[in-house]
Amino acid sequence: MSVTRRGILTAVPIIGAGVLGVGFWRMLSDMRSGAFDPRAIKNPNVGKPIPSFAMPGLPGLGDGFTDAELKAQHRPVLVNFFASWCIPCVAEMPGLRAISRNMPIWGIAYEDKPENASAFIQRDGSPYARVASDRHGRVAIDWGVTGVPESFLVAPGGRIIWHGSAALDPQIYEAEIRPRLAGL
Amino acid sequence: MFGPEQGHFALALACVLALVQFAVPLWGASRRDARLVGLAPYLAVSQLLALGYSFLCLVMCAVSDDFSVQNVAANSAVSKPLLYKITGVWGNHEGSVLLWTLILAVCGGAVSLFGRNLPDILRGRVLAILGGVSAGFQMFCLLTSDPFERVFPAPMDGQGMNPLLQDPGLAFHPPILYTGYVGFAVPFAFAVAALIEGRVDAAWGRWVRPWAVAAWCFLTCGIALGSWWSYYVLGWGGYWFWDPVENASLIPWLTGTALVHSAIVVEKREGLKIWTVLLAIATFSFSLSGTFLVRSGILNSVHAFANDPARGVFILALLAIVIGGSLALFAWRAPSLTSTGLFSPVSREGSLVLNNILLCSICAVVVTGTMYPPFMQLLAGRTISVGKPFFDAATIPLTLPLLLAMGIGTALPWKRAQLARTFSHLYAAAGIAAIGLALCFWKLSGILPIACGALAVWVIAASVSDVLRRIGIGHTSAQGVWERMKNLPRSSWGAALAHIGAGITILGLCGMSQAEHAIVEVHIGETRSLAGDDWTLLDVHNYIGPNYKAMQADIAIRHNGKLVTILHPEKRDFTTQSQTTTEVAIHTNFITDLYGVVGDRHGTGKDTTYVLRLHRNPLAPWMWLGGLVMAIGGAFSLSDRRMRIGAPKRAAARNMARA
């Protein structure tokens, strides 16, 4: 069959519509299984080492921590940015407490008054193994945090291997975090 | 009488009627049974009545605060003003789908009533296609987004409406925009009917064009209104964000504009038939896909509908049937349509072909930019965003030759043109454009705004000079000019107006590219200057509105010490939804908008400061004014005698009766 202008005019729309249709179908089915999330926030630091920092602690919750201490860990650590003024963070706390039974979580209070943050996490029992205060959100910028709560899975040695931009719960832990722990 | 169950029943009845409207006339047409085909208009009108009743029921539920209806409970509240109780009906997913199908039914009713002079078989087939599309969307409404669903126990008060949507501009934006989207269903139905029939001729072009022009007018108004709303409600000082939902309305507008132009060639010269049929199919397909993309949540947009992938699957299936079916029909039947009108590249037809190529190229760019992020994420797993830099860089260079051709095209004769002769008519316009270019060099910065501005002046000047030439200014007496003015077809006036409108919009866009703004933090009494004006925060006070608490600022603007205006921007706190909105204050003299927004309050007592955003937006109102002029041009063209369907036939019948 020779290629004619008319042939192109009929073939191109059908092929175009077909490609778009198949793509949309894949997106929709992936959306339902959770593999495709158009609203997901991708963090450019995933796969890279953690940025350097040193943060003070919160009143009554010990000293803060530094990147060196985080890198020196022999187990993977879940780093969680939170704030007492953030409603999803309040909702996330029971989930974090459940996850903290399986692995250590280090908390970073993001743009929060230290006394507020301290009272908030001690109210129903802290899920955090260690807590530090990022009073002005400078450290969060280096980590590429766009809002709270956000969490990072940090491998021993200090490489970020996973990032989540939603409130964590045991389901997300089972689906996203635990499989990644196995390879470490 | 007007309860939700009655509404639900009427919707189901309309769906059944639509299915009958789809099946019976098509069957009748294939059997050449005039009685079956003749049922189509009655079915279309009864479907419209049933759906109108259903819609009225939903409006009544909202007005009477029936919170046992899930949709009303989720989107309304007792304290909401009456106007927004009514317009809130289409401010949510379920209600807007019902409105969508209602407008489609109105289109069917209009074809039944105004299309009496169409050949019966063609009208029957057109109505059947419209009925089929209607049935699909009514099923979508019934099965996945039922607006009449009840809740038990009924809440005491509703959750209220997003306060951003409580605005007259947005209240009427969806109906107008949907009329534009859905209106293109009629040219689509004409195209499919013509493919079934295997015949496209000048008469077909004459029938299809008014519907396309009408839909185009509504779509133009709808886009302009939406852009204006985002300008004065969202308070970012922007008017177009290349957001996927905005692009979803721009894409059918671009192909629709191409359709309106290519249908002229079908009507006058019987050329570009296959292309016009394809454009009619493409325009409606893009309208439908836009609806789909917004509702399915695939595109990441600020326009949040309650997204549900299950709905997306249903609409995708519907789209596959409508778009896939019509394209398959096109591939099968298009080769039987033959063009007869031959023309040289330099001719009116040639310029319309160029217009179509450029508009479709811009459309392809916008489609690519819009679909790139989700496909990139699907195929490569990377999230990226495509924004203003891409769209500006890719669309403006294509717009420049389009504007250039717009000025020349209307001056070219049909079939074959002599460029030298045509250019001799355009010297005056070129001279004015040269002055425009000088003005742009003086006032604008940046090569693209200057080029666009000068070409916009060129389009306006060429359109005016074309009309002046046609009415014989400078060649004939005043009496002769008057006679020629009366005899000049309204479609020529309409085309000139629409082109002038496009020029005005482009000038507005060029002006806005020079907008200046500043974000300042000031104490009461402090003054800041922006682009030659001094802005002083005089006072800030609080007051209580019907369903919100407001903080209002008084900002005086002085130019060289002379008071220009006092702006009163507000920040409103809606207690029911715990949401705050900003009420922008705008002072306009139609050349420049002074645009003020009040933001957060910091500190207490003497140290209290307020964050203000100050904008100076040159030529901003022209963007929407141009849109309005374009739509008026389209409406003018619609009132043309030749556009009134069947006018020659009626006149012939009259003559026959006389003889």
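Protein chains get the first letters and strands the later ones, always in sequence-line order, with residue 1 at the start of each. Because only heavy atoms are used, hydrogens play no part in the values below, and waters and symmetry mates are left out as well, while side chains stay in.
- Counting only heavy atoms from C-beta outward, the side chains of A/I14 and B/F330 never approach each other to under 4.5 Å.
- A 6.0 Å sphere centred on CZ of A/R97 holds more than 12 heavy atoms belonging to other residues, nucleotides or ligands.
- More than 12 heavy atoms of other residues, nucleotides or ligands shown are found within 6.0 angstrom of CG on A/N102.
- A/R26 places none of its side-chain heavy atoms less than 4.5 Å from the side chain of B/F375.
- Minimum heavy-atom separation, B/L327 to A/A17: CD1-CB, 3.7 Å.
- Around atom CZ of A/R180, more than 12 heavy atoms belonging to other residues, nucleotides or ligands sit under 6.0 Å away.
- Atoms CZ and OG1, from B/R333 and A/T10 in turn, are 14.5 Å apart once rounded to the nearest 0.5 Å.
- Only the backbone of B/A328 comes within contact range of chain A, with at least one heavy atom under 4.5 Å from a heavy atom of that chain.
- Both the backbone and the side chain of B/A331 have a heavy atom closer than 4.5 Å to some heavy atom of chain A.
- Using a 4.5 Å heavy-atom threshold, the side chains of B/V313 and A/W25 count as touching.
- When the shell of 6.0 Å around NZ of A/K71 is examined, it contains more than 12 heavy atoms from other residues, nucleotides or ligands.
- A side-chain contact (heavy atoms from CB on, under 4.5 Å) with A/F24 holds for exactly one of B/L316, B/I315, B/L378; it is B/L316.
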